[in-house]
2 protein chains.
Amino acid sequence: MDNETSLRNERKRGSGVKVVYDILRDEILDLELPPGSPIDEVQLSERFGMSRTPIREALVRLAGEGLIDTLPNRSTMVSQIDFLNMHSYFDALVLMYRVTTQLAAKYHRPEDLEAVRALQADFAAAVEAQDALAMISTNAALHLAIAESGRNSYFTSLFSRLLNEGRRILRLYYQSYNDRLPRRFVEEHDEIIEAVAARDIELAERLAREHAEQIVAQIQKLLVRGDRLDVRL
Amino acid sequence: MDNETSLRNERKRGSGVKVVYDILRDEILDLELPPGSPIDEVQLSERFGMSRTPIREALVRLAGEGLIDTLPNRSTMVSQIDFLNMHSYFDALVLMYRVTTQLAAKYHRPEDLEAVRALQADFAAAVEAQDALAMISTNAALHLAIAESGRNSYFTSLFSRLLNEGRRILRLYYQSYNDRLPRRFVEEHDEIIEAVAARDIELAERLAREHAEQIVAQIQKLLVRGDRLDVRL
DNA sequence: TGCATATTTCTTGTCGACAAAATAAATACA
DNA sequence: TGTATTTATTTTGTCGACAAGAAATATGCA
């Protein structure tokens, strides 16, 4: 009996949806379920050892975040990455980097920075270990922590969505992260965190913008080179 | 037999969720269901003449947009308006006004402006008729149309959420809209639309910012005066 | 054989029923 | 009479079954 179905009888009422949602979400963002993968409710209900009802609820939530697309009465599938409108993604990403970092400099509390610095240490460790997958996720966690210290839930929720979407895009290209750029990102993070700590709003905003544009330029370079992994799109 | 249950037998498969979602959403935004109202699944299933399954799906979607709050195993209710963190709402609203208008000036197509101008006419008519409720909804529709012509779905979806939330807030205060301000908004709209049409990105951004700050100042004035309708919070 | 139509199969959408959890009500006890 | 414990009620979470829609397959006909 595998891990998931073995939990069938000891599951608390109401927890099933969250389990399914979390696992599917991670599998989609990690491209274990690549864009276009069919989502079959019956198959999932067998896999997780529960009826289709909680499965469907998890799928409705995933659809609400745009991670899956549902055709009425027919097929549900993992949503495509929209490479045609990538510029609108970059616009939104850069703006959210800027504004969340700026607000962090303005509104953070000292205790917020402890968490931020811990995540920055995680990121530095991932860079040191040349673990590209860990870099992607710790980088997202770090910037989200900075954003949360800015205390604007509208911005953090959009930013979170953008960073997740970025996780899918970057995973296509993570090979190329084995170069000198990540170390530079560690230094940039340090500078940003110090500017936030010093409550230097303008500097924090400028550094965040430069950092974001750096990342965007990096992704765009990869896009035109087109040397991505053989993940079916 | 009332309107909703009479549709029971002629409903197309799959349409039930959308009907329930749309109606509940409007009722929440129009404060017919004020914040804190209990949401009873059985009651709703009787009202709409369908089983709890599609009702629940609609509720999951509403919860995803933050319009209702669900406590596990217990009570679902219309979410509260967060008056304590209003400044983060205003920050987000102003920024989205600015950025969506700016992008509209940059990326709109001529045919987009026809729809925008039609909605501006609707808004002007609502002002002329002193219909505060129509002003609120046509104003939101107008700015959303401008945003959509900027073709950045990340920004438009956040903006749409903010405008909806604003619909709830403004509805608390719509009495005070019977003054000279709305006419000024009509003129400001005209200026913004002309700047967008002329593709003057900087001017469009500046006008949008001033317009947004005008609105925010108006709401804030109402908040401190506190002369709101007797809607239970 | 090629195409249109009928049939089957597969997946989703909806239903009614039951079980679990939380609250409300009732009872027991001091 | 006041409080703790037990019981009943209410509401949500989950289930298995069935029906409707769409695609896949089979059949009929030229």
Side-chain angles (χ1 to χ4, degrees), chain A residues 1 4-25 28 33 35-79, chain B residues 1 4-25 28 33 35-79:
Chain A
M1 193 187 289
E4 279 143 8
T5 53
S6 69
L7 296 171
R8 178 165 27 208
N9 297 322
E10 26 186 314
R11 222 180 45 239
K12 271 187 203 121
R13 176 188 168 85
S15 68
V17 175
K18 184 171 162 42
V19 170
V20 176
Y21 170 83
D22 285 341
I23 290 177
L24 287 182
R25 183 170 165 282
I28 292 171
L33 290 175
S37 302
I39 305 283
D40 181 14
E41 296 175 3
V42 177
Q43 191 181 311
L44 289 173
S45 76
E46 284 166 4
R47 171 179 167 195
F48 289 102
M50 59 183 80
S51 86
R52 280 174 51 226
T53 308
I55 302 284
R56 275 179 71 84
E57 182 171 332
L59 294 183
V60 168
R61 283 166 54 176
L62 289 169
E65 298 179 29
L67 291 178
I68 63 176
D69 287 329
T70 302
L71 300 216
N73 285 318
R74 203 84 208 137
S75 74
T76 299
M77 56 172 62
V78 177
S79 67
Chain B
M1 194 187 285
E4 280 142 6
T5 53
S6 67
L7 296 170
R8 178 164 27 205
N9 297 324
E10 26 185 315
R11 222 179 46 237
K12 271 187 204 122
R13 176 186 167 86
S15 68
V17 174
K18 185 172 160 40
V19 170
V20 175
Y21 170 82
D22 285 340
I23 291 178
L24 286 183
R25 183 170 165 281
I28 292 171
L33 290 174
S37 300
I39 305 281
D40 181 14
E41 296 175 4
V42 177
Q43 190 180 312
L44 289 173
S45 76
E46 284 166 6
R47 171 179 166 195
F48 289 103
M50 60 183 77
S51 85
R52 280 173 50 225
T53 308
I55 302 285
R56 275 179 71 84
E57 183 172 331
L59 295 183
V60 168
R61 284 167 55 178
L62 289 168
E65 299 179 31
L67 291 178
I68 63 176
D69 287 327
T70 302
L71 300 214
N73 287 314
R74 204 80 210 140
S75 73
T76 299
M77 57 172 63
V78 177
S79 66

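A, B, ... follow the sequence lines: proteins, then strands. Residue 1 opens every chain. Values reported hereafter were calculated over all heavy atoms of this structure, with side chains retained and with hydrogens, waters and symmetry mates removed.
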Please give, in whole Å, the distance from [N] [atom2] to [X] [atom1]?
{"X": "D40(B)", "N": "dT23(C)", "atom1": "CG", "atom2": "C1'", "value": "14 Å"}
{"X": "E46(A)", "N": "dC10(C)", "atom1": "CD", "atom2": "C1'", "value": "13 Å"}
{"X": "R56(A)", "N": "dC15(C)", "atom1": "CZ", "atom2": "C1'", "value": "12 Å"}
{"X": "M77(A)", "N": "dT11(C)", "atom1": "CE", "atom2": "P", "value": "13 Å"}
{"X": "E41(A)", "N": "dA17(D)", "atom1": "CD", "atom2": "P", "value": "17 Å"}
{"X": "M50(A)", "N": "dC15(D)", "atom1": "CE", "atom2": "C1'", "value": "12 Å"}
{"X": "I55(A)", "N": "dT14(D)", "atom1": "CD1", "atom2": "P", "value": "10 Å"}
{"X": "K18(A)", "N": "dT14(D)", "atom1": "NZ", "atom2": "P", "value": "14 Å"}

Earlier contact from the 5' end, DNA chain D, for T53(A) and N73(A): T53(A)

Contact summary for M77(B) and I39(B), nearest pair of heavy atoms: CA-CG1, 4.0 Å

Taking every non-hydrogen atom, the tightest pair across V42(B) and S45(B): O-OG, 2.8 Å

Sugar-phosphate, base or nothing in reach of E57(A), heavy atoms under 4.0 Å: nothing

Sugar-phosphate, base or nothing in reach of I39(B), heavy atoms under 4.0 Å: sugar-phosphate

Polar side-chain contact R74(B)-dG13(D) base: donor and acceptor under 3.5 Å: no

Exam field: side chain S79(B) to backbone L67(B), donor-acceptor pair closer than 3.5 Å: yes

Minimum side-chain heavy-atom gap L44(A)-L24(A) below 4.5 Å: yes

Solution key, residues 57-66 of chain B side-chain donor-acceptor pairs under 3.5 Å, sequence neighbours excluded:
residue: E57(B); atom: OE1; partner: R56(A); partner atom: NH2; Å: 3.4
residue: E65(B); atom: OE1; partner: Y21(B); partner atom: OH; Å: 3.2
residue: E65(B); atom: OE2; partner: Y21(B); partner atom: OH; Å: 2.3

Nearest listed nucleotide, side chain of R13(B), among dC10(C), dA20(D), dA22(C): dA20(D)

Side chain of R52(A) (C-beta onward), nearest among dT12(C), dG13(D), dT14(D): dT12(C)

5′-ward residue of the pair P72(B)/S51(B) relative to DNA chain C: S51(B)

